[in-house]
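Numbers restart at 1 for each chain; the letters A, B, ... are given by sequence-line order, proteins then strands.
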2 protein chains.
Amino acid sequence: MAGVSRATVSRVINDSPKVSPAVRATVEAAIAQLGYVPNRAARSLVTRRTDSIGLVVSEPEALVFSDPFFAGIVRGVSGALADTSMQLVLVIAQTAGQRKKLEQYVLNGHVDGVLLVSLHGDDPLPAGLAAAGVPAVLVGRPVRDVPLTWVDADNRGGATAAVRHLLGQGRRRIATITGPQDMSAGVDRLDGYRDALPGPDAALIEIGDFSEESGVRAMTALLDREPGLDAVFAASDLMAAGALRALRAAGRGVPDEVAVIGFDDSIIARQTDPALTTVRQPVNELGREVTRRLLEMIGTGDAPAPGLVLPTELVVRGSA
Amino acid sequence: MAGVSRATVSRVINDSPKVSPAVRATVEAAIAQLGYVPNRAARSLVTRRTDSIGLVVSEPEALVFSDPFFAGIVRGVSGALADTSMQLVLVIAQTAGQRKKLEQYVLNGHVDGVLLVSLHGDDPLPAGLAAAGVPAVLVGRPVRDVPLTWVDADNRGGATAAVRHLLGQGRRRIATITGPQDMSAGVDRLDGYRDALPGPDAALIEIGDFSEESGVRAMTALLDREPGLDAVFAASDLMAAGALRALRAAGRGVPDEVAVIGFDDSIIARQTDPALTTVRQPVNELGREVTRRLLEMIGTGDAPAPGLVLPTELVVRGSA
DNA sequence: TTGAAAGCGCTACCAT
DNA sequence: ATGGTAGCGCTTTCAA
């Protein structure tokens with residue numbers, strides 16, 4: 001229609017500098033009129049790029065999706081991808097079989113790069129990706145050392161700020177309900193708690209899994225063991241909500257008798273009674289930043305930059 | 001490696017019946033040993049299929065992601081896709097420009113089929129897809145008639161059940177906070193309310209947008225207009241939570257003075273004080289079923305089956 | 001600055 | 001039941 005060769009059309013589409021302005025205009029007009037859209041598969045076949053990135057959630061628990069954290073990440077990622085021609089492929093593996101397929105899929109160049117979310121310490125995927133040279137960025141600091149970039153919220157600092165807030169209110173027996181210790185978010189938030197409390201008491205630490213039920217269980221155990229506690233820092237809002245419930249069941253007043261702080265500033269933090277004092281993470285920025293890094297890696301093929309920690313912020317509400 | 005031609009390998013991979021068992025075994029062994037995975041782009045180029053479906057969220061509000069409803073859908077969809085070779089592509093369009101790109105993307109065969117979520121009445125996309133013959137299934141009944149299949153929860157029945165529950169408790173001035181009236185979930189839940197209340201009073205109806213803030217606003221307006229109301233049915237848990245807050249601010253006791261029922265049975269329903277009586281939707285099944293339908297349409301190219309309504313269930317907690 | 005043509009890896013048709 | 005091979009739509013040399 002434009003009276004030029006396929007090669008020229010291709011150059012126009014790919015913004016090649018060596019096309020005369022006149023020809024470019026003609027071709028663009030033809031493209032517009034025909035509503036022509038390049039065939040992705042054909043292009044992909046020759047360029048060996050797929051123009052898509054995978055958001056990989058390799059997590060046995062179905063929990064992740066309901067998690068506001070994940071929702072924020074998706075929003076950030078998709079926002080950063082919006083004015084790109086990149087597509088977002090959601091790759092989810094819950095069973096062992098699916099994880100195997102996932103690995104093959106990702107390692108075989110079906111996506112140009114990978115964003116890894118909700119990593120557990122024993123997951124072999126990051127190392128595999130790094131070894132295979134697949135561009136990949138982690139959402140959250142890896143527990144074990146991996147030659148991949150990552151972006152994380154300042155979990156440790158946020159936890160410390162939370163505990164200091166409790167100390168500042170005169171609380172002296174401050175317990176904590178941790179996240180899973182095979183995830184950096186779990187480890188770091190516990191480390192932050194320890195930072196603020198020199199010589200912490202092991203009896204004041206109970207391990208949870210971020211879920212509300214685990215919060216109930218942990219709080220119950222803590223009250224049993226340490227009836228004199230006057231505050232608790234939970235490593236997730238969900239666990240804090242569970243703790244609230246257990247405290248109510250035990251007849252303890254919040255925040256008078258026991259102060260409670262959560263983590264995430266998720267939507268439930270404002271619904272509990274009293275509303276949760278909590279630590280906000282910049283989830284959107286996190287999603288944006290991991291995407292930016294991944295796109296850069298894909299573009300330049302460059303070595304991974306060092307990890308980046310984004311600041312967290314204490315949000316004070318009624319529970320502490 | 002197997003000592004056969006590419007054609008035979010292709011037949012093995014595509015489960016062609018005309019391959020001798022012996023050869024098939026040899027080829028499969030070679031495939032396993034080489035870790036060979038077919039190139040998706042090349043295959044796509046010749047088959048004109050992409051082996052991926054799009055989950056299209058064409059919604060100006062960022063709200064959707066935080067919505068537990070959406071999370072459940074994603075889980076259902078990805079579950080139904082798990083033992084398939086289909087990939088899930090998340091297509092999100094928030095701005096007008098993105099919506100335009102989305103339309104082109106989808107209409108140009110970049111996915112084999114489309115799942116549409118969170119549809120507003122004025123969205124031209126469903127009709128466009130139907131006209132273009134792109135397999136598509138709607139999550140939720142369309143407001144305007146569209147020649148596409150859909151699967152929805154029984155919003156109307158659920159709302160009726162909720163209001164009947166209130167009537168059964170002796171409530172007589174039952175107000176409602178509706179969802180947006182350009183979405184079927186908003187319309188149907190209002191219709192269900194009307195079904196249970198012969199000759200409803202327009203003063204008892206206030207329109208919201210599913211968000212918590214709109215719940216606060218609507219409840220405040222209702223109290224202002226109808227101080228004598230003794231119950232309110234909100235078309236979402238978020239709005240119910242907002243209503244709870246407004247009621248507390250107004251000094252009304254829940255459920256004694258005013259009973260409250262929400263919709264969705266989302267995670268916040270158990271966190272509010274009192275916990276929300278609400279209507280549960282089978283989100284997971286919804287996701288599964290739309291996916292099943294889409295896969296069938298893609299497979300057979302068949303005409304759309306009639307819409308399907310999945311039952312909802314009243315979950316009684318403290319607020320009513 | 002433009003065009004001709006080779007091939008990307010696969011499937012599907014036609015032979016055998 | 002198997003192999004040979006054309007060709008899917010595009011990008012990218014290489015020539016002109």
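- Under the 4.5 Å side-chain criterion, counting only non-hydrogen atoms from C-beta, B:R40 is in contact with B:Q87.
- Checked options B:D188, B:D154, B:D152; the residue passing with B:R141 is B:D188 (criterion: salt bridge (charged side-chain N to carboxylate O under 4.0 Å, His left out)).
- The nearest whole Å value for the distance from the CG atom in A:N39 to the P atom in C:dG9 is 16 Å.
- Residues A:L55 and A:V89 fail the side-chain proximity criterion, which asks for heavy atoms closer than 4.5 Å.
- When rounded to the nearest whole Å, the span between CG of A:L45 and C1' of C:dA6 equals 13 Å.
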For this session: Give the C-alpha distance, both sets of side-chain angles, the deciding distance and a yes or no for side-chain contact (heavy atoms from CB on, under 4.5 Å) between A:V137 and A:L148.
Result: CA-CA 6 Å; A:V137 178; A:L148 289 177; over 6 Å; no
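- Remark: DNA chain C takes part in the stems C:1-16 with D:1-16, each of 3 or more antiparallel Watson-Crick or G-U pairs, criterion distances under 3.5 Å.
- For A:D145, the CG atom is loosely surrounded, since the number of other residues' heavy atoms within 6.0 Å does not exceed 12.
- Residues that satisfy the side chain to side chain donor-acceptor pair (under 3.5 Å) test with B:R144, not counting sequence neighbours, are absent from this structure.
- Remark: P of D:dG7 and CZ of B:R48 are 14 Å apart, rounded to the nearest angstrom.
- Between A:R293 and A:E289, at least one side-chain N (NZ, or NE/NH1/NH2) sits under 4.0 Å from a carboxylate O, which counts as a salt bridge.
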Problem set entry | Protein proximity profile, nucleotides 11-16 of chain D - base contact B, sugar-phosphate-only contact S, no contact -, cut-off 4.0 Å on heavy atoms | BBB---
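- Within 6.0 Å of the CD atom in A:E296, the count of heavy atoms belonging to other residues, nucleotides or ligands does not exceed 12.
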